[in-house]
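One structure is given here, and the rest of the page talks about it.
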Protein chains: 2
Amino acid sequence: MAKATIKDVARVAEVSVKTVSRVLNDEPNVRPVLQDKVHAAVKALDFKRNPLARGLRGQQSFIITLLYSNPNPGYILELQNGALSQCIEQGYNLQIHPCDHNSADLIKSVESITQYSTQDGFILTHPLCDNKELIALLDEKNIPFARISPFVREHDSPYVMSNDEEAAFEMTKYLISLGHTKIGFIKGHPDFGATHKRYKGYQRALENMGLTLDEDYVKQGMFTFETGESCARQLLNQESRPTAIFASNDYMAAAILKVAAQMKINIPADLSVVGYDDAPVSQQIWPSITTVKQPINQMANTVVKKLIKRIKKQPFEEFDTEFDCELIIRNSTSPCS
Amino acid sequence: MAKATIKDVARVAEVSVKTVSRVLNDEPNVRPVLQDKVHAAVKALDFKRNPLARGLRGQQSFIITLLYSNPNPGYILELQNGALSQCIEQGYNLQIHPCDHNSADLIKSVESITQYSTQDGFILTHPLCDNKELIALLDEKNIPFARISPFVREHDSPYVMSNDEEAAFEMTKYLISLGHTKIGFIKGHPDFGATHKRYKGYQRALENMGLTLDEDYVKQGMFTFETGESCARQLLNQESRPTAIFASNDYMAAAILKVAAQMKINIPADLSVVGYDDAPVSQQIWPSITTVKQPINQMANTVVKKLIKRIKKQPFEEFDTEFDCELIIRNSTSPCS
DNA sequence: ACTGTTTTAGACACCGTTATCAATTTGATG
DNA sequence: CATCAAATTGATAACGGTGTCTAAAACAGT
């Protein structure tokens, strides 16, 4: 049985193909009687419109491309899943495009995919969403896009973000509530907007709770295990070492566990450690790491909704922009002894 | 500047559109003079064919769908990247479709994507590639597919696999070469073909090196951290505990580290631990875990090549089928004391 | 030079849908 | 009931390529 076409539906419903098309596209000016006939025929034939033909005629592809450059597989996969489910729901396809945000070829690589296939819109994850060249390219080609967790927000494209500052604030307050006063902090990669928001939340919590920020307790990492390790060594080799360390992501938190093990520092008895992102490793390590979980799936879902509105040139203000994170208390934290 | 079409190229090259099409498709019977003219015009206009139009006319979509149901984000992402790079090279798009191999809706979910969009072929990862219903569905719809690491191989579709048995054999031999004779083994999920191959390699190595397999040293896990933990407890609570444990994946190996830490068993001094898959956690934990790395990227690349050959009804025997794994020695193993 | 065969090139139809526009029906108004 | 506006419908032409088929050109053999 060959796949049914609009013509088949038209024949069965005894109307013209254009009428079928009208019904399928929710266009006005079709009598309910005919609408019912068409719907019945569509159901009877199990008819599905051919996206290729629709795209060709309508100058659109129903393809949304997810651009990412992020070393965290768990995060990416969750993002993909969230975006994908919403795309499917709305009849779009999700094209994935991993790239390297440090590469000089980044722009070229994106440009080439816009040439070899057509896409209705892009989703940019951080740090790509703060890349001016990239945004200029998309603006120039007039391709709609939406952003996830941008740092710079001066652009009229839709975006979503997690409330990282608030989460970091809460996490720091939690550590303080456990009695910690000497709280170290390992910053993330400066290219990421999240880095600054998390640090700000930490700062604000200290201030808010009447503690002073000690520069010696703040180290600059790059979100990798290796940088986390060296920062942890610096923090823990000081004379007056911190009793708690807040790492800007879980990889760096895991590295603290390594350094602590080598230095025979007991976690959480002698040192509390917290991370960020709820990466898989935070559960696969002992002690499991107290961390912050972003509602990635939901954010991805929403950003797709906004992007599709944007593509259709409809307002997208009805959807949420800021999403709250969740503190996940595990075994790497305990009251200060 | 609007995108160039084949008509523009034809006008510039002073030939008919059909001739341009011929040149672009490497069809015979075009004089070199005209070929050059066409190529020059294509270059001058930076012309790219519209895949939608090509697909519509040719009854193909240039879409390959990667179907996976696998809890290991690192593995999936690597797979995606490998498949994607080859797809791009050959002018195909990669559609991703995560699904749950335990779900009763699996077949329905796959069936629905075949209806809402058209795909030229599927790539099935384990354990999906051993799902008879799924294979029956694709066969019935006459959609070509290729498989990655299938257990059952009785199908004429192309596949690739890693030489897991050999790798497990080598890894076990490595442990024996360190002086270990009491080597525990934690099996993986029985639905996965890899589970049996890895166990067989372990068995064969013991036999080969003159050791007898002790059933008490073999536990059934499910590839998860939790099952790894309970298996590790069983193994290590025995009177005569093993001095080395081979876990069928890194998650379960990480769980052994947790249990060992709780039982004050020193790794690697008192217990050597090895895993499988080179998951991110194997490097983000201390001690880092000795493991086996599959050439996933290369396998994905090859399976796409084979699938495209299959789609074009060309022979695919020229490509490799079996891929060798690599032992990665890290810090969780040491000579038996 | 004159066939017959093979290459080479182009005209045209077609893939499945939607946009345009004109034709028809319906409803409203005087 | 005639007249005009609005709502409803369908015929036809696109969208941008490729398949089919035919015509023209090139070549070979008498």
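Per chain, numbering begins at 1; letters A, B, ... match sequence-line order. Bear in mind the structure is a predicted one, so any value in this text is a computation, not a measurement. All heavy atoms count here, side chains included; hydrogens, waters and symmetry mates do not.
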Could you tell me if Ser85(A) and Asn301(A) have a donor-acceptor pair between their side chains, going purely by distance under 3.5 Å?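 Yes, because at least one side-chain N or O of Asn301(A) sits under 3.5 Å from a partner of the opposite role on Ser85(A).
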
Taking only side-chain N and O atoms of Thr19(A), does any of them lie within less than 4.0 angstrom of OP1 or OP2 on dT9(D)?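 No, Thr19(A) has no side-chain N/O under 4.0 Å of OP1/OP2 on dT9(D).
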
Whole Å only: how far is the [atom1] atom of [X] from the [atom2] atom of [N]?
X	N	atom1	atom2	result
Arg11(B)	dG10(C)	CZ	P	15 Å
Leu34(A)	dT24(C)	CG	P	18 Å
Gln60(B)	dG17(D)	CD	C1'	12 Å
Asp26(B)	dT18(D)	CG	C1'	15 Å

Find the bend of the helix from dA1(C)-dT30(D) to dG30(C)-dC1(D) as the angle between its two terminal axes (five pairs each), to the nearest 10°.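 Helix axis angle between the two ends: 40°.
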
Can you name the one residue among Lys306(B), Arg153(B), Met299(B) that meets side-chain contact (heavy atoms from CB on, under 4.5 Å) with Tyr159(B)?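 Output: one option passes, namely Arg153(B).
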
Side-chain donor/acceptor of [X] to backbone N/O of [Y], under 3.5 Å:
X	Y	answer
Ser69(B)	Cys99(B)	yes
Asn81(A)	Glu78(A)	no
Arg147(A)	Thr125(A)	no

Show me the protein contacts with nucleotides 24-26 of chain D, counting only N or O atoms at under 3.5 Å.
none

Classify the ring geometry between His155(A) and Phe145(A) as parallel (under 30°), tilted (30 to 60°) or perpendicular (over 60°).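 Plane angle between 30° and 60°, so tilted.
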
As a quick check of understanding, evaluate side chain to side chain contact (heavy atoms under 4.5 Å, CB included) for Phe47(B) and Leu24(B), giving each step before the final call. CA-CA 11 Å; Phe47(B) 168 73; Leu24(B) 263 31; 3.5 Å; yes

Nearest-neighbour nucleotide for the Asn29(A) side chain, dT9(D), dT8(D), dA11(C) considered: dT8(D)

Identify each atom pair where a protein N or O and an N or O of nucleotides 16-20 of chain C are less than 3.5 Å apart, giving names and distance.
{"from": "dT17(C)", "atom 1": "OP1", "to": "Asn50(A)", "atom 2": "N", "distance (Å)": "2.8"}
{"from": "dT17(C)", "atom 1": "OP2", "to": "Ile6(A)", "atom 2": "N", "distance (Å)": "2.7"}
{"from": "dT18(C)", "atom 1": "OP1", "to": "Asn25(A)", "atom 2": "OD1", "distance (Å)": "3.4"}
{"from": "dT18(C)", "atom 1": "OP1", "to": "Asn25(A)", "atom 2": "ND2", "distance (Å)": "3.1"}
{"from": "dT18(C)", "atom 1": "OP1", "to": "Arg49(A)", "atom 2": "NH1", "distance (Å)": "3.3"}
{"from": "dT18(C)", "atom 1": "OP1", "to": "Arg54(A)", "atom 2": "NH1", "distance (Å)": "3.0"}
{"from": "dT18(C)", "atom 1": "OP2", "to": "Ser21(A)", "atom 2": "OG", "distance (Å)": "2.7"}
{"from": "dT18(C)", "atom 1": "O2", "to": "Arg57(A)", "atom 2": "NH1", "distance (Å)": "3.1"}
{"from": "dA19(C)", "atom 1": "O4'", "to": "Arg57(A)", "atom 2": "NH2", "distance (Å)": "3.4"}
{"from": "dA19(C)", "atom 1": "N7", "to": "Lys18(A)", "atom 2": "NZ", "distance (Å)": "2.9"}

Are the aromatic ring centres of Tyr68(B) and His126(B) under 6.0 angstrom apart?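 Between Tyr68(B) and His126(B), the centre distance exceeds or equals 6.0 Å.
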
Evaluate Arg310(A) against Asp156(A) for salt bridge (Lys or Arg N to Asp or Glu O under 4.0 Å), listing each step before the verdict. CA-CA 10 Å; Arg310(A) 172 73 160 202; Asp156(A) 65 344; 3.1 Å; yes

Do the numbers put Lys48(A) on top of the ring of Tyr116(B), so that NZ or CZ is under 6.0 Å from the six-membered ring centre and no more than 45° off the axis? yes

Using a cut-off of 6.0 Å, state whether more than 12 heavy atoms not belonging to Lys141(A) lie near its atom NZ.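 Enclosed: over 12 neighbouring heavy atoms sit under 6.0 Å from NZ of Lys141(A).
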
